[in-house]
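Input: a single structure, listed below in structure tokens.
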There are 2 protein chains.
Amino acid sequence: MRYIQRAEYGVRPTTHIDEDDPLFVQAIARALQVLSVFHESGKPLTLNEIGAAAGVGKSAAQRVVHTLRQLGYIERDANDRGYVPGIRILDHARDYLRLNPLVARASPVLMELRRNARERVDLSLRDDLRLIYAARLQSKRETFFATLIGQSVPIYCTSGGRAIMAHMGDAEVDDIIARSDRREITPKTITDPDQIRAKVREAREHGYALALEEILQGEIAIAAAILAADGTPLGAIHIAGSLSEWDADTFCRRFAPLVGEAAGAINRF
Amino acid sequence: MRYIQRAEYGVRPTTHIDEDDPLFVQAIARALQVLSVFHESGKPLTLNEIGAAAGVGKSAAQRVVHTLRQLGYIERDANDRGYVPGIRILDHARDYLRLNPLVARASPVLMELRRNARERVDLSLRDDLRLIYAARLQSKRETFFATLIGQSVPIYCTSGGRAIMAHMGDAEVDDIIARSDRREITPKTITDPDQIRAKVREAREHGYALALEEILQGEIAIAAAILAADGTPLGAIHIAGSLSEWDADTFCRRFAPLVGEAAGAINRF
DNA sequence: CGTGCCGTATCGCTGTACGATACAATCGTA
DNA sequence: TACGATTGTATCGTACAGCGATACGGCACG
């Protein structure tokens, strides 16, 4: 059996355990800490591995896993070789998407956009330094795992991220750049602060942002931001295509109006 | 702002709180109980509503919500009118899908199937009395909300469910029928035990199962089961189309071979 | 056939989480 | 603009839930 191992670029926020907040229930934190261990793992985990990775003792891991298992949030692996996340998690994912007003507003627009563009169309939501994909309408080309809901990418080096930063003040942009763990995900990833700022300025002028192979070799993506009523950027719409079928200029000329229009439609309700 | 209200047919298992298991951490159970409150709700909830619905006091709700909020599993609604599930949930959903070997095996086959069938293609996984959609490749027609990952449907009245029951013994089928809350979701939903059993026998003979408008008006679905190495049915592959474009016979003749082939490909690795 | 490491079970002590209650801020109605 | 209902927030002493060290049996590996 094969397990998908694709890394997540370490952009996930490390849940910093809160000191002595009298309302903070650490048993809950431990439970979610344990569940989060799977973020870093590409395979089923044993009790000891879970305990070690979560930074809790073996006994704690035992209790937590036992409890989560009763409730369906953790399962034994099919061949009894460790634990994996449980199916009940999907129930909550559905709740999240269903109750997120942005997703609700965006989804008909996305469908329409997908029909017109005939390329992959994504909706991503901002979570501090990263973007999390909340809706994905794939083209014929991709594999399912390349387009998982819940996948996350850094803000600093993505089209969507730059579209978002374009709607922020310089100070906030600098803060994001500074706090981001900027690594070269591909050889083309832009990690230099000044270059990033230049890209953001470019996005401000054009009203959309572009990224070329910064996350995935051969992929070109264009994005426009989605804004709250007060102008705060909350997420982005993306169109992604393959450089084997498009050159950057043509791609841009063709899809910039579409993605801009779609974002506009969402922003003014 | 509109919130999606579509009911879930009450098939979700009620987490029965375990009596006095010495390893059971009830603080964790309470937390997930609180999160699960959103399953039944179509709108943001206040602290009091959460406390009431989860069957815990207001103080408990306060602590739990506070904690989950710190960790990103609950958020304030955009217009400050209550709480909604938080985005961190999506991280876990991704983990689940990524680590589920069935999803991994099925996904390339599903993509291929979607290309050939040009109708909606789904993968669902069994959870006791219900099927939960784990992968959905929509056609042009649907809205995004009609095809959410995590949506669940009952086994007793769906094509996928009957495809699964076809691979069970009669006793187990009867048990499922007995324990299911059989309600008419549409006027066409089959709820009579004998008729269900007949449909299951039919599925056994054909190797695939059919359902006509039992969940959604105007929808026809065909499904084949996915099996573990020992023959236990774990889930199903579906193809779903619209009766405005297909009559049942044609649909069946066209897609039965495709869905059977796909399921076969998955079953023998 | 032994030796790891797996998951499971046990058991007193301590400190965590409990829930009643009181407070503050906000909304919406008149 | 003032009111009353409902929201989220803060406090506090006590009981018991969860802590973690440790010990057990079993399965899979060499």
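Chain naming here is simple, since letters A, B, ... match the order of the sequence lines and numbering starts at 1 in each. Note that these values count all heavy atoms, side chains included, but never hydrogens, waters or copies made by symmetry.
Counting to the nearest Å, the C1' atom of D:dT7 and the CG atom of B:Asp77 are 14 Å from each other. Rounded to whole angstrom, the span from the CZ atom of B:Phe24 across to the P atom of C:dA9 amounts to 15 Å. B:His66 has its NE2 atom 17 Å from the P atom of C:dG19, to the nearest Å. In this entry the distance linking CD of B:Gln62 with P of C:dC23 reads 15 Å, nearest Å. Atom-to-atom, CD1 of B:Ile50 to P of D:dT6 comes out at 17 Å; the value is rounded to the nearest Å. Between the CD atom of B:Glu75 and the C1' atom of D:dG8 there is a distance of 17 Å, rounded to whole Å.
Residue order along DNA chain C, read from the 5' end via each residue's closest nucleotide, puts A:Arg76 first among A:Ile28 and A:Arg76. The nearest heavy atom of DNA chain D to A:Val64 and to B:Glu49 marks one nucleotide each, and the one closer to the 5' end goes with B:Glu49. Between A:Thr46 and B:Leu23, the residue whose closest nucleotide on DNA chain C is further toward the 5' end is A:Thr46. Residues A:Arg81 and A:Lys58 both approach DNA chain D. Their nearest nucleotides, taken by heavy-atom distance, put A:Lys58 toward the 5′ side.
At the phosphate of C:dT8, OP1 or OP2 sits under 4.0 Å from a side-chain N or O atom of A:Arg69. Phosphate proximity of C:dC6 to A:Asn48: present, with a side-chain N or O under 4.0 Å from OP1 or OP2.
Nearest nucleotide to the side chain of B:Arg63, out of C:dT10, D:dT7, C:dG19: C:dG19. Distance from the side chain of B:Leu47 is smallest for D:dG8 among the nucleotides D:dG8, C:dT21, D:dT22.
Judged by the 6.0 Å and 45° rule, A:Arg63 forms no cation-pi pair with B:Phe24.
A donor and an acceptor atom never sit less than 3.5 Å apart when one is taken from the side chain of B:Gln26 and the other from the base of D:dA17.
Comparing the same atom, P, in D:dA5 and in D:dT9 gives a spacing of 22 Å after rounding to whole Å.
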Go through the steps for A:Glu142 and A:Arg136 under the test salt bridge (Lys or Arg N to Asp or Glu O under 4.0 Å), then give the verdict. CA-CA 11 Å; A:Glu142 294 98 8; A:Arg136 318 201 68 168; over 6 Å; no
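Heavy-atom neighbours of B:Glu261 CD from other residues, nucleotides or ligands within 6.0 Å: at or below the threshold of 12.
Contact check on A:Asp95 versus A:Arg98 returns a salt bridge, with a Lys/Arg side-chain nitrogen under 4.0 Å from an Asp/Glu carboxylate oxygen.
Centroid-to-centroid, the aromatic rings of B:His92 and A:Tyr73 stay 6.0 Å apart or farther.
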